[in-house]
Each structure stands twice: as C-alpha cells, then as structure tokens.
Amino acid sequence: ETRENVPQSYYLTTPIYYVNDVPHIGHAYTTLACDVLARFKRLDGFDVMFLTGTDEHGQKVAKSAEAAGKSPKDFCDEVSQKFRDLPNKMNFTNDDFVRTTEPRHYAACQEIWNRLVDEGFIYLDGYAGWYSVRDEAFYGEDELVEGEGGTRIAPSGAPVEWVEEPSYFFRLSQMEHRLLEHYEKNPDAILPESRRNEVLSFIRSGLRDLSVSRTSFNWGVPVPNDPDHIMYVWLDALTNYLTAVGYPDNENELYQRYWPADLHMVGKDIVRFHAVYWPAFLMAAGLAPPKRVFAHGWWTNEGGKISKSLGNIIDPLQLIDEYGLDQVRYFLMREVPFGRDGDFSKAAIVHRVNGDLANDFGNLAQRSLSIIAKNCGGEMPSPGPFIEDDTRLLRKVDGVLGDMRARFDRQEFHLGIAAIWDAVSDANSYFAAQEPWALKKTDPERMATVLYVTAEAIRGLAILAQPVMPDSCGRMLDQLGVAADARGFTALGESGRMASGTPLPKPEGVFPRHIVAEDNLSVGVDEKAAVSGKNEKNAG
Ligand code: ME8
C-alpha cells in the first residue's frame with residue numbers, strides 16, 4: 001500500500017447564509033465559486049467534501065421572523081428551503097447542507113464552548129457598548145463613523161445601538177501573538193494579499209476581548225450551565241464548519257479525513273470573523289485552524305450597490321432563465337478577476353455568451369462536428385500521420401491542466417478559465433488555417449487528420465471546462481462519443497485519445513447565441529463597450 005493510492009482530501013466551505021433574506025446573486029456567486037473548485041478537485045482525483053448551509057440564529061433573523069409574523073423556527077424552515085433549493089437549480093454539488101437549528105449543531109457549539117471554558121478562555125463580565133444587528137457585530141467607539149444627521153454608524157454603513165447586558169467574554173487579547181505567528185508561518189492562509197494585509201494590520205492594532213454571549217433575547221444556542229445566556233451568533237455560526245465533520249466526535253471518519261478545512265470561501269465583508277475570530281477560537285480550544293480563508297469581492301448592479309431597499313437585487317434564477325445556466329456560471333467566474341469587486345451589466349453577459357461561448361467554443365465544435373457528420377460517415381475519422389501543426393495544438397491543450405491547477409490552487413478562477421480560452425483560440429486558428437472543408441477532394445487523408453485533431457482538442461477543452469459548465473461540456477463530450485468514465489483529468493492527452501470509427505450522434509449546437517430583444521437595443525449598442533468595460537480594467 002503506497003501513499004499515492006490514498007486520494008488527497010480537500011474540504012471547502014461557503015459561508016452559511018442568513019435566512020433574513022432570500023438567495024441573490026451574491027450568495028449564488030460564493031457557492032458557485034466553491035462548486036467550480038469542488039468539481040475541479042474531484043476531476044483531478046481529490047477526495048472532496050463541499051459544505052454550505054444556513055445561519056438561522058441571532059437578533060437579525062429573530063427580527064425578520066417577527067416582522068413576517070412567524071415563529072423563528074417556521075420562518076427559518078421556510079427561507080432555508082430557498083437556499084436548499086439553490087443547488088438543484090444551479091447544479092451545485094455540495095456534499096452536505098448544515099442548518100444551525102439542527103441538534104447536531106447544538107452539540108458541536110456546546111462542546112467548543114466547554115473546551116474554551118476548560119482552557120481558561122471564557123470569563124463572565126458585562127458588555128456595555130455598540131452593537132450592529134445588521135452586521136451581528138460589536139464595535140468599539142473608535143471604529144464608528146459619522147452617518148447622516150450626525151448619527152453613529154458602523155464602518156459597513158450599518159446602524160448601531162447601545163447595548164448593556166451581562167455577557168461572557170472570550171480572551172481574544174491573549175491570541176494576538178499566536179495569530180500573528182500563524183499567519184507569518186502560513187503566508188497563503190489569507191488570500192488575496194490585500195485581505196491578508198487588512199487582517200494583519202487589524203491584529204497588530206491590538207485585539208480586545210470579545211463578547212460571546214447575549215442575554216437580551218433567546219434565539220440561539222444556550223450556553224452550557226447558564227441558560228440565561230445564548231451564544232453569540234458568530235461563534236455559533238462559525239462552528240458549523242466543525243458540525244459537518246461530526247465534531248465533537250473527533251474519532252469519526254469525516255473529522256479524521258477533512259479537518260482542518262482546506263478553504264473557507266467568504267465575501268470580503270466577513271473576513272475578520274473568519275480570519276481573526278475563527279482561528280482564535282479554534283487554537284484556543286486546541287483545534288487546528290483552517291488552511292486558508294479566501295475573501296472575494298463585491299458585486300454591484302450596473303454600477304450601483306445591490307440592496308433590498310434599492311430594489312435592484314439580481315435574482316440568479318431569473319438570470320438563468322434569460323441566459324442559460326452554464327452561461328451564467330461561465331460569466332460569473334470569467335468576467336471579474338476573482339477577489340476583486342465586479343459590476344454586473346447585461347452588456348457584459350451578452351458579450352461573454354455570444355463571444356466566448358457561441359462564437360469561439362460553440363462554433364468550433366458545431367462546425368467541425370458537422371463536417372465530420374457530412375464527410376466521414378458520422379464516425380470519428382481515422383487520422384494519417386501528424387505534422388508539426390497538429391502536435392503543436394494538442395500539446396497546447398495538454399498544457400492547460402498545469403496552468404489551471406496553478407491558478408485554481410490560488411482561487412484565480414478567471415485566469416484558469418482564460419488558459420482554456422487561450423487554447424480555444426489556438427484551436428480556432430488551427431481550424432481556419434488548415435481549411436479541412438477544402439481538403440475533401442484534394443487530400444481526404446489530411447482532411448481526416450485535421451478533423452480528428454480538432455475533435456481531440458475539443459475533447460480536451462470540454463473536459464477541462466466541465467467544472468465551470470458541467471451540462472454543456474457533458475453534451476459536447478456526448479457528441480464526441482466520449483464515455484462517461486473517461487471524462488476525468490486522467491483521460492486528458494494521449495491516455496484518452498479517441499478511437500477512430502466510433503459512431504457519433506448527430507451534432508447539435510451547445511452554446512446558442514443570445515438574441516437581444518429589439519426593445520432592449522441599448523444592450524446591443526453597449527455590447528462593444530463591454531469589451532473594454534470596467535471589469536477588464538480590474539484585471540491588472
Ligand atoms: O454574513 N457580492 O451571511 P449573509 C458578492 N451568516 N458576494 C455577496 C454579495 C455581493 N453583493 N452579497 C452577499 C453572513 N454575498 C453570515 C455568514 S459564516 C459562518 C456566517 C455573499 O447571508 C458573500 O459571500 O449576509 C458574503 O460574505 C455572504 O454572501 C454574506 O452572506
């Protein structure tokens with residue numbers, strides 16, 4: 001038994017989303033990024049655990065339930081269901097879905113609390129200070145900024161209220177040194193670099209002990225041995241990552257295989273909770289901190305902040321109806337350099353759908369497969385000897401996986417995808433230069449070779465693009481007659497070369513053009529502007 005035979009594990013998580021709001025593009029984006037990475041790792045032979053879920057406790061959710069005239073539990077059941085439906089609608093492959101109202105989660109929360117008590121990190125005192133319900137966060141006086149009419153608001157723009165109540169505290173101040181040491185030893189534990197710098201300067205500015213229980217309401221996990229207190233919703237929520245691997249049973253297989261998490265994917269709004277509080281709780285409790293927190297950027301809508309009150313929330317399901325599921329998945333992962341903020345615009349998505357997908361990839365497959373259907377008896381052609389042009393293209397496609405690995409390992413999804421499209425572009429140039437359609441009469445053997453090489457290139461590219469567009473690439477591979485068990489990354493290159501003579505189904509277009517409605521001409525006019533648009537400027 002060699003070590004190489006045991007697949008390497010990879011545990012990745014999304015934030016668990018508050019159920020005060022229905023899923024929108026921002027939530028879909030984070031989970032999509034994780035899905036793309038989870039699929040990539042599985043195709044690359046890893047043993048993957050991919051987790052998402054809902055955050056159901058706290059004042060914010062309790063207030064939303066009250067406003068809806070429902071009990072917190074009924075309200076949570078209802079909204080959580082909308083998040084549980086998302087994987088089905090967006091083809092997400094999460095292995096588990098954790099809800100903080102589940103008994104298994106209470107067990108995990110109470111255990112980590114007890115560990116923190118045992119290690120001497122919890123003490124009882126009183127909290128008198130500012131709290132933002134919208135952020136579910138405590139703020140120091142010095143952190144507040146002036147809002148409209150001289151009111152005080154959190155740096156996030158959220159209103160704050162003065163709170164005074166008995167509270168347990170976590171000795172965060174004692175973790176400063178260990179956190180800095182941890183991040184010095186692990187330079188890639190927070191990405192991108194800008195977020196790492198932000199977190200480090202926050203830690204260096206000095207950490208205050210953190211209030212970790214509340215007594216003024218009771219929608220939460222009770223503190224062990226003091227039921228007047230419920231646990232602070234962030235300590236509760238963060239613990240979900242342990243719940244899903246069976247904590248507190250450290251002996252169980254999931255925990256053994258997957259802890260510590262390889263990646264907590266979050267938005268930049270919650271990096272402090274994940275990169276300061278969470279590793280501090282874990283290390284204080286004697287548990288290993290996550291290997292990486294990646295905080296991605298923020299989406300705006302046609303230049304404006306997305307908010308419920310502005311009524312410009314983008315519903316991912318509506319986008320899918322309009323542009324197609326894989327088209328939306330591709331756009332979100334390709335358009336904006338991952339980590340940066342991005343702007344959603346119709347012009348930009350139409351440009352990607354019609355340019356990258358319909359013209360560049362879709363047409364190549366459709367044209368080459370149609371010529372094969374017409375001129376090669378509907379079978380995979382039998383190639384003659386390869387010339388340098390042929391091997392150069394196939395070598396290029398074979399090289400993409402190495403690039404993708406390097407990029408995806410740093411969550412640079414846009415660059416990993418760009419590597420595929422660089423090869424798509426080469427395949428198009430090859431196809432145009434070789435003119436297989438003109439060879440039928442003059443040199444049928446060379447025609448067969450060019451068509452075979454093109455089909456091989458498309459096979460490789462479709463295998464590589466599966467994590468982003470699983471359905472469409474699956475259909476492309478169907479049309480090439482590639483068996484379902486020959487679609488992993490080990491089938492790339494020589495080892496998976498297609499057999500000549502394989503009968504092929506009738507070719508069908510996989511990436512249709514998006515037709516812009518007449519009454520929405522501005523999109524058509526803008527389509528060009530999108531090429532040099534804002535999001536590209538971010539790319540540097
Ligand atoms: O913060 N652009 O939940 P939440 C990009 N329950 N991403 C966005 C976005 C936007 N405009 N809007 C939301 C919470 N997101 C806590 C998390 S984890 C232990 C607890 C994404 O429902 C982004 O990932 O407010 C952000 O971090 C997350 O949704 C916030 O979701």
Side-chain angles (χ1 to χ4, degrees), residues 1-14 31-52 87 91-96 188 191 241 244-245 253-265 288 290-292 294 326 329 333 338 394-420 423 456-474 476-478 480-499:
E1 290 214 356
T2 57
R3 270 185 81 82
E4 286 93 89
N5 288 337
V6 182
Q8 214 182 318
S9 67
Y10 194 84
Y11 179 25
L12 79 171
T13 67
T14 76
T31 312
L32 171 63
C34 288
D35 185 62
V36 169
L37 188 51
R39 287 175 181 271
F40 181 85
K41 288 285 184 187
R42 289 190 200 108
L43 288 167
D44 208 15
F46 283 73
D47 164 22
V48 173
M49 162 130 175
F50 165 24
L51 177 70
T52 186
N91 220 344
F92 294 154
T93 53
N94 53 294
D95 297 290
D96 196 354
D188 291 339
L191 287 179
Y241 305 130
V245 291
E253 205 200 325
L254 288 179
Y255 187 89
Q256 293 289 326
R257 254 159 64 194
Y258 297 117
W259 196 261
D262 292 274
L263 175 67
H264 293 315
M265 177 70 78
K291 292 185 198 150
R292 176 174 301 165
F294 190 103
D326 280 348
R329 288 177 60 112
M333 287 296 103
F338 199 74
L394 294 181
R395 237 185 291 126
K396 170 88 178 200
V397 174
D398 291 351
V400 174
L401 178 61
D403 281 357
M404 278 186 90
R405 275 194 190 122
R407 298 305 190 177
F408 276 38
D409 275 346
R410 297 181 66 81
Q411 288 71 53
E412 295 169 336
F413 302 116
H414 57 295
L415 294 177
I417 297 168
I420 305 178
E456 259 300 306
I458 294 170
R459 180 181 72 89
L461 296 166
I463 287 176
L464 291 162
Q466 286 176 106
V468 186
M469 300 183 290
D471 279 351
S472 309
C473 293
M476 225 179 235
L477 293 166
D478 289 345
L480 290 167
V482 176
D485 62 0
R487 297 178 180 192
F489 293 160
T490 52
L492 286 166
E494 298 275 354
S495 59
R497 293 272 184 265
M498 294 180 290

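For the numbers below, each heavy atom of this structure counts, side chains included, while hydrogens, waters and symmetry mates do not. Along the sequence shown, the residues carry numbers beginning at 1.
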Subject >> Atom of Leu43, atom of Gly488 and distance for their closest heavy-atom approach >> reply: CD2-CA, 3.9 Å
Original post:
For the atom pair CD1 (Ile463) and CD1 (Ile420), what is the distance rounded to the nearest 0.5 Å?
Top reply: 11.5 Å
**OP:** Say whether, by atom type as modelled, one donor and one acceptor occur between the side chain of Arg329 and the main chain of Leu32 under 3.5 angstrom.
**Re:** no
Subject >> Residues which pass side-chain hydrogen bond (donor to acceptor under 3.5 Å, both in side chains) with Arg39, listed by chain and number, not counting sequence neighbours >> reply: Asp35, Asn91
Original post:
Just by modelled atom types, is the Ser472 backbone N or O under 3.5 Å from a matching donor or acceptor in the Asp326 side chain?
Top reply: yes
Original post:
Which heavy atom of Ala491 sits nearest a heavy atom of Ala486, and at what distance?
Top reply: CB-O, 3.3 Å
Subject >> Side-chain touch Leu394/Arg497, heavy atoms, less than 4.5 angstrom >> reply: yes
Subject >> Nearest-0.5 Å distance that lies between atom CD1 in Ile417 and atom CE in Met404 >> reply: 7.0 Å
**OP:** Please tell me if the side chains of Ser495 and Thr490 come closer than 4.5 Å, counting only heavy atoms from C-beta onward.
**Re:** no
Subject >> Heavy-atom pair with the smallest gap, counting every atom of Thr13 and Cys34 >> reply: O-SG, 3.6 Å
**OP:** Using the side-chain contact (heavy atoms from CB on, under 4.5 Å) rule, take Phe50 and Arg42 through it: C-alpha gap first, then chi angles, then the decisive distance, then the call.
**Re:** CA-CA 11 Å; Phe50 165 24; Arg42 289 190 200 108; 4.1 Å; yes
**OP:** Mark yes or no for whether Thr14, through its side chain, and Thr52, through its backbone, hold a donor-acceptor pair below 3.5 Å.
**Re:** no
**OP:** May I ask you to test the Val468-Phe413 pair for a side-chain heavy-atom distance under 4.5 Å?
**Re:** no
Original post:
Parallel, tilted or perpendicular: which describes the rings of His264 and Trp259, with under 30° parallel and over 60° perpendicular?
Top reply: tilted
Original post:
Got a second to check how far Leu477's CG is from Gln466's CD, nearest 0.5 Å?
Top reply: 5.5 Å
**OP:** Drop me the distance from Arg410's CZ to Asp188's CG, to the nearest 0.5 angstrom.
**Re:** 4.5 Å
**OP:** Compare all side-chain heavy atoms of Thr31 with those of Asn94 and state whether any distance is below 4.5 angstrom.
**Re:** no
**OP:** Please find out if less than 6.0 Å separates the ring center of Phe40 from that of Phe489.
**Re:** yes
Original post:
For Gln256, does the CD atom have more than 12 heavy-atom neighbours from other residues, nucleotides or ligands under 6.0 Å away?
Top reply: yes
Original post:
CZ of Arg405 to CZ of Arg407: how many Å apart, nearest 0.5 Å?
Top reply: 15.0 Å
Original post:
Is there side-chain contact between Ser9 and Met49, with at least one heavy-atom pair below 4.5 Å?
Top reply: no
Subject >> pair Leu415-Phe338: side-chain heavy atoms closer than 4.5 Å >> reply: no
Subject >> Nearest non-hydrogen partners of Arg487 and Gly474, listed with the distance >> reply: NH1-O, 3.4 Å
Original post:
For the residue pair Cys473 and Ala462, what are the closest heavy atoms and their distance?
Top reply: CB-O, 3.4 Å
Subject >> CE on Met469 to CG on Asp471, rounded to 0.5 Å >> reply: 11.0 Å
Subject >> Pairing residues for Ala419 by the side chain to side chain contact (heavy atoms under 4.5 Å, CB included) criterion, not counting sequence neighbours >> reply: Val400, Asp403
Subject >> Main-chain N/O of Gly493 paired to Arg459 side chain as donor or acceptor, under 3.5 Å >> reply: yes
Original post:
What's the shortest heavy-atom distance between Val397 and Gly460, and which atoms?
Top reply: CG1-CA, 4.0 Å
Original post:
Do Asp262 side-chain atoms and Tyr11 backbone N/O form a donor-acceptor pair below 3.5 Å?
Top reply: yes
**OP:** Report yes or no: does Glu456 contribute a side-chain atom to a donor-acceptor pair with the main-chain N or O of Met498 at less than 3.5 Å?
**Re:** yes
Original post:
Is there a side-chain contact between Gln411 and Met265, using heavy atoms and a 4.5 Å cut-off?
Top reply: yes
